[in-house]
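One structure is given here, and the rest of the page talks about it.
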Amino acid sequence: MYYLDIAGKGPRKTCKMVIDWFINKYLPRHNLDISIQYRGLKREGAFGFCSVQDSDSRPRDFLIEIHTNMDEDLYIQTLLHELWHLYQHVIGKLRDKRGVRLWKGIDYSNRDYEDQPWEQEAHTMEEVLYNDFLREMAILSC
């Protein structure tokens with residue numbers, strides 16, 4: 001079960017549909033608070049961010065910031081990428097501890113973006129998740 005709060009201008013119906021699908025498939029037994037904030041991220045050079053809003057030891061409250069004005073395919077892929085980061089935090093692979101980013105207990109906080117193992121995994125998974133999502137939505141619409 002999860003609580004969802006969406007703020008800003010963005011595709012709310014698609015957002016809810018993607019998050020429902022993801023949570024039911026990957027985190028069905030977790031109580032989560034997810035806030036989606038649509039805003040311009042052009043200056044940051046990103047399409048999305050996921051951050052923990054509560055405990056580092058047992059995170060359940062998350063903020064996902066998503067860039068506004070993306071086409072639907074890129075939007076869904078970006079949202080799934082950020083949801084995978086949420087998943088990494090919930091299962092304990094990715095942790096933020098006293099300003100240090102840990103992946104499976106090892107400090108990778110000084111690595112370049114493209115060398116961060118959580119980003120490599122999320123980039124791989126965004127395509128897998130996107131294809132699964134589209135396939136399952138096509139089956140449901142038949």
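Everything numeric here is computed off the predicted structure, so don't read it as measured data. Counting begins at 1 with the first residue of the sequence.
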Checklist line | Side-chain heavy atoms of Y3 within contact of I34, under 4.5 Å | finding: no
| Residues H85 and E119: side-chain donor-acceptor under 3.5 angstrom | yes
- Decide yes or no for D61 and L32: does some side-chain heavy atom of the first lie under 4.5 Å from some side-chain heavy atom of the second? no
On a heavy-atom basis, the closest approach of I36 and C15 is CG1-SG, 3.8 Å
Separation between CZ (F133) and CG (L79), nearest 0.5 Å, reads 9.0 Å
**Message:** As a quick check of understanding, evaluate side chain to side chain contact (heavy atoms under 4.5 Å, CB included) for H67 and M70, giving each step before the final call.
**Reply:** CA-CA 7 Å; H67 184 64; M70 289 188 280; 4.1 Å; yes
- Flag yes if more than 12 heavy atoms outside N131 fall under 6.0 Å of its CG atom; otherwise flag no. yes
**Asked** Once the angle between the rings of W103 and W118 is folded into 0 to 90°, is it parallel (under 30°), tilted (30 to 60°) or perpendicular (over 60°)?
**Response** tilted
query = Are Y87 and L102 joined in one hydrophobic group, where the rule is that I, L, V, M, F, W and Y side chains link up if heavy atoms are under 4.5 Å apart?
reply = no
ask   = Do Y26 and M137 sit in the same hydrophobic cluster, where Ile, Leu, Val, Met, Phe, Trp and Tyr count as joined when their side-chain heavy atoms come under 4.5 Å apart?
value = yes
Between the CZ atom in R60 and the CG atom in D54, the distance rounded to the nearest 0.5 Å is 8.5 Å
Between R12 and I6, the two heavy atoms sitting closest are NH1-O, 3.0 Å
Taking every heavy atom of S109 against every heavy atom of V100, the minimum-distance pair comes out as OG-CG1, 4.0 Å
Should the pair E44-R39 be classified as a salt bridge under the 4.0 Å nitrogen-to-oxygen rule? yes
### Query
Is any side-chain heavy atom of K9 less than 4.5 Å from a side-chain heavy atom of Y38?
no
Side chains of K25 and E136: closer than 4.5 Å at any heavy-atom pair? yes
Checking Q88 side chain against L94 main chain: does a donor-acceptor pair fall under 3.5 Å? no
_Exercise: do Y130 and D73 side chains pair donor with acceptor under 3.5 Å_ = yes
Item to complete: Determine whether L41 and L63 fall in the same hydrophobic cluster, where Ile, Leu, Val, Met, Phe, Trp and Tyr are linked whenever their side-chain heavy atoms lie under 4.5 Å apart.
Response: no
Heavy-atom count check: over 12 atoms from other residues, nucleotides or ligands less than 6.0 Å from E72 CD? no
Looking only at the side chains, is there a donor atom on one of Q37 and S35 sitting less than 3.5 Å from an acceptor on the other? no
In this structure, CD1 of I64 is separated from CZ of F49 (nearest 0.5 Å) by 12.5 Å
The salt bridge (Lys or Arg N to Asp or Glu O under 4.0 Å) partners of E127 (sequence neighbours excluded) come to none
- Can you tell me if D112 uses its side chain to pair, donor with acceptor, with the backbone of D115 under 3.5 Å? no
Point to revise | side chain to side chain contact (heavy atoms under 4.5 Å, CB included) assessment of N31 paired with Y2 | key: CA-CA 5 Å; N31 291 320; Y2 72 95; over 6 Å; no
Let me check something: do Y108 and V52 share a hydrophobic cluster, defined by ILVMFWY side-chain heavy atoms less than 4.5 Å apart, either directly or through other members? no
Problem set entry | S51 side chain near Q53 side chain, heavy-atom distance below 4.5 Å | yes
Q) Yes or no on side chain to side chain contact (heavy atoms under 4.5 Å, CB included) for D20 and L4, after CA distance, side-chain angles and deciding distance? A) CA-CA 10 Å; D20 281 345; L4 178 63; over 6 Å; no
Tell me, with the steps shown, if D5 and D33 meet side chain to side chain contact (heavy atoms under 4.5 Å, CB included).
CA-CA 8 Å; D5 179 49; D33 288 323; over 6 Å; no
Rounding to 0.5 Å, atoms CH2 (W21) and CG (L83) come to a distance of 9.5 Å
R135 meets the side chain to side chain donor-acceptor pair (under 3.5 Å) criterion, sequence neighbours left out, with D132
inquiry  = Tell me if a side-chain donor or acceptor on R95 pairs with a main-chain N or O of S57 at a distance below 3.5 Å.
reply    = yes
Distance col, row L134:CG vs Q77:CD, nearest 0.5 angstrom, shows 8.5 Å
Taken to the nearest 0.5 Å, the spacing of I91 CD1 from H89 NE2 works out to 11.0 Å
**Report entry** Side-chain donor-acceptor pair present, W84, E126, cut-off under 3.5 Å
**Finding:** no
